[in-house]
2 protein chains.
Amino acid sequence: MKKRTLIHDIARHLEVSITTVSLVLNGKAKEYRISDALAERVMQYVAQVGYRPNQLAKSLRTGKTHVIGLIIEDISNPFFATVARLVERHASARGYRVLYSSTDDSAAKAKDLIALFQEQHLDGYIIAPPAGVEAELEQLLKSGVPTVFFDRYLPGLATDYVGVDNAAGVYQATQLLLDQGVARIAFLTTESTQTQMAARQQGYTRAMQEAGQPAQVQHVPLNFDDDSVREQSIAAIHQFLQDNPACEAVIFANNSLATLGLEAIAQLGRRIPQELAVISFDDNDLFRLHSPTITAIAQPVEALAEALINVLLAKLSDERPAAAQPQTVELPVSLVVRGSSARQ
Amino acid sequence: MKKRTLIHDIARHLEVSITTVSLVLNGKAKEYRISDALAERVMQYVAQVGYRPNQLAKSLRTGKTHVIGLIIEDISNPFFATVARLVERHASARGYRVLYSSTDDSAAKAKDLIALFQEQHLDGYIIAPPAGVEAELEQLLKSGVPTVFFDRYLPGLATDYVGVDNAAGVYQATQLLLDQGVARIAFLTTESTQTQMAARQQGYTRAMQEAGQPAQVQHVPLNFDDDSVREQSIAAIHQFLQDNPACEAVIFANNSLATLGLEAIAQLGRRIPQELAVISFDDNDLFRLHSPTITAIAQPVEALAEALINVLLAKLSDERPAAAQPQTVELPVSLVVRGSSARQ
DNA sequence: CTGAAAGCGCTAACAG
DNA sequence: CTGTTAGCGCTTTCAG
């Protein structure tokens, strides 16, 4: 348990004042007309003994932590995992740490997390909000902490948002099937009413409507928290497919659903795409390697991460607190056509 | 920017002393013989206004942050992602937050992370160390912060470790193939010299040796950071398979390698398992859903996460600092036999 | 039960 | 350039 060196120790050793050391360390040497020689001497000794200021004390004093909180749905979902690490990479390149955690899309967990993060006095937030946390978020926004929503937003709350054009993606995917003469297309989605899910569904409904085909939307229970629900979800999809033998194609509203769906399809022994065409929202390794490969609506993860960081850091450095109009970034998705959507 | 309520505000409102509020808040009401009535009154008001003590100040004062750092290789790897979220879940059930970050197996990143975490004064660490950070880690251990290694350890450093019996797992997998008369088995591994990789290789070599078969170990470049290396890795595996047409089976030393390998195999159009049997260390969704399903050596993620938290929290609460003998937990793995290893 | 007071380690205004 | 000083918000000892 050797004790850490303190700013005081280094000042004493160098026989200069604590102020000088602090000023040099914070890049204010010039401003306070400290000689380059002295500044250099300080920096050198600091490096030599490996002195690291205590961030707790620093933050307590300055009110800044240089940490941003990333609250996502589920870190074990490839989409969120990828965005998380990209955000982290960009943030750290710009001097920020990111602290991330999953809500499992539960309002209770999200509330805990927000409270926890607030106690830690993070500088800003990126949040994929579950339903039911409007009040907490509103309070968070009112407190003036820079916050940007991601993946979905909460209609009542005016803040920055970064996401994709969900409706267009699904519309396009539905078209792809319709153009091949596949008309009995079902849309499998979760029970959630989140904006991104609603938009995806709406893209599907519109395409079907325009084609004069009846839409068939099926809601499947989905829960990341409890592994037993996993089986239930598979069973539900299984059931649906069995009850709808005429269904020629299914579009899954996200990649968790699709993964579960592939399992259900395998159980039933339905051949893809001959007996059932499949398209998933969100791309991932599994889809590239599956036999057949799975057509997916891919979100531009790299661009999303960059946009998130840019929007947030802009707010962070900006002086005008909640002045400007909230910024909204909506990126296009791309349809990655693979084997599972091909007409046999 | 409304200001947060402080302990001072609540004391004043209740017309009691700050000391009293603090004592009640920290569960020391009894100890200081504060009446239940008063304690109740305090708690109630605190709840009412939603007062949250400033953790920065608290930590600065107490020296405890109640945050543990989880330093893993790659959060987008399903194995690490799963362990991370399980650790997080257990930790939070026991009053700890976890802060996790990936090293991409780079010593430089790991050093940065350790330094960063140290500045934040975390209470303890769980680390999957890359090679080349021995010095930093030794210093960390000497500073007395509870630390447990995970997945692999660094031979020179005596600290607690939680991992699996890697050698036995691969030995068993190799046996499975040998028992079916498949003898030309290659072992594809990374270039790393980490303990877990060495042990896996050793399990393979021993099995081959005992069977009187020549071992064939191939090292493949692998890098999580740089996506261009991804293609290189695939190309390397591709090349290897092409150069060794007689090879009947391949065991991948981890799941990233296996994922890449499946891609290479698909490119070559080799049929699994008829032309090439495949087994991977680490299990994941992809392997369950692939056609054919992929046999895998599965690590007990749930048990690992629990062991990690138990070992760490034991050290955290223990008074004897580096007193006791370092604890080592080595869990068994299980062979999940699926389609890819079946003799046709 | 309580009030005062010290202090965790650092920043930054202020007056030299 | 520097020394002093006043905190940031909280815990905890000590003397009532």
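Chain A is the first sequence line, chain B the second, and so forth, proteins listed ahead of strands; every chain is numbered from 1.
Atoms CD1 (B/I7) and P (C/dA4) sit 15 Å apart, rounded to a whole Å. Distance B/R12 CZ to C/dA4 C1': 18 Å, rounded to the nearest Å. Nucleotide D/dA15 holds its C1' atom 13 Å from the OH atom of B/Y32, rounded to whole Å. In this structure, B/R61 atom CZ and C/dA6 atom P are separated by 12 Å, rounded to whole Å. Taking atom CG of residue A/L60 and atom P of nucleotide C/dC8, one finds them 13 Å apart after rounding to whole Å. Put simply, CD on B/E31 is 14 Å from P on D/dT11, counting in whole angstrom units. Rounded to whole angstrom, the span from the CG atom of A/L14 across to the P atom of D/dG3 amounts to 12 Å. Separating the CD1 atom of B/I10 from the P atom of D/dC10 is a distance of 10 Å, rounded to the nearest angstrom.
Donor-acceptor pairing under 3.5 Å is lacking for the side chains of A/Q120 and A/T65.
With A/L122 as the fixed residue, the side-chain contact (heavy atoms from CB on, under 4.5 Å) test singles out one of A/I68, A/L99, A/V145: A/L99.
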Report task. Check the pair B/K109, B/D112 against salt bridge (charged side-chain N to carboxylate O under 4.0 Å, His left out), reporting the backbone distance first and the verdict last. Result -> CA-CA 5 Å; B/K109 286 193 194 175; B/D112 278 0; over 6 Å; no

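In terms of the salt bridge (Lys or Arg N to Asp or Glu O under 4.0 Å) criterion, residue partners of A/D74 (sequence neighbours excluded) are, by chain and number, B/R85. Residues that satisfy the side-chain hydrogen bond (donor to acceptor under 3.5 Å, both in side chains) test with B/T20, not counting sequence neighbours, are B/S17.
Here B/L6 contributes atom CG and B/R12 contributes atom CZ; the two are 9.5 Å apart, rounded to the nearest 0.5 Å.
Summarising the local packing, OH of B/Y153 is surrounded by 12 or fewer heavy atoms from other residues, nucleotides or ligands at distances under 6.0 Å.
Taking the nucleotide of DNA chain D with the nearest heavy atom to each of B/H8 and A/R33, the more 5' of the two is matched to A/R33.
Residues from residues 17-29 of chain A placing a heavy atom under 4.0 Å of any atom in DNA chain C, listed by number, are A/I18, A/T19, A/S22, A/N26, A/K28. Within residues 50-57 of chain A, the residues having any heavy atom closer than 4.0 Å to DNA chain C are, in order of number, A/Y51, A/P53, A/N54, A/A57.
Among residues at least two apart or in separate chains, ring-ring contact (aromatic ring centres under 6.0 Å, His included) pairs with a member in residues 90-123 of chain A are A/H66-A/Y96, A/Y100-B/Y100. Applying the ring-ring contact (aromatic ring centres under 6.0 Å, His included) test to residues at least two apart or on different chains, the pairs with a partner in residues 22-60 of chain A are A/H13-A/Y45.
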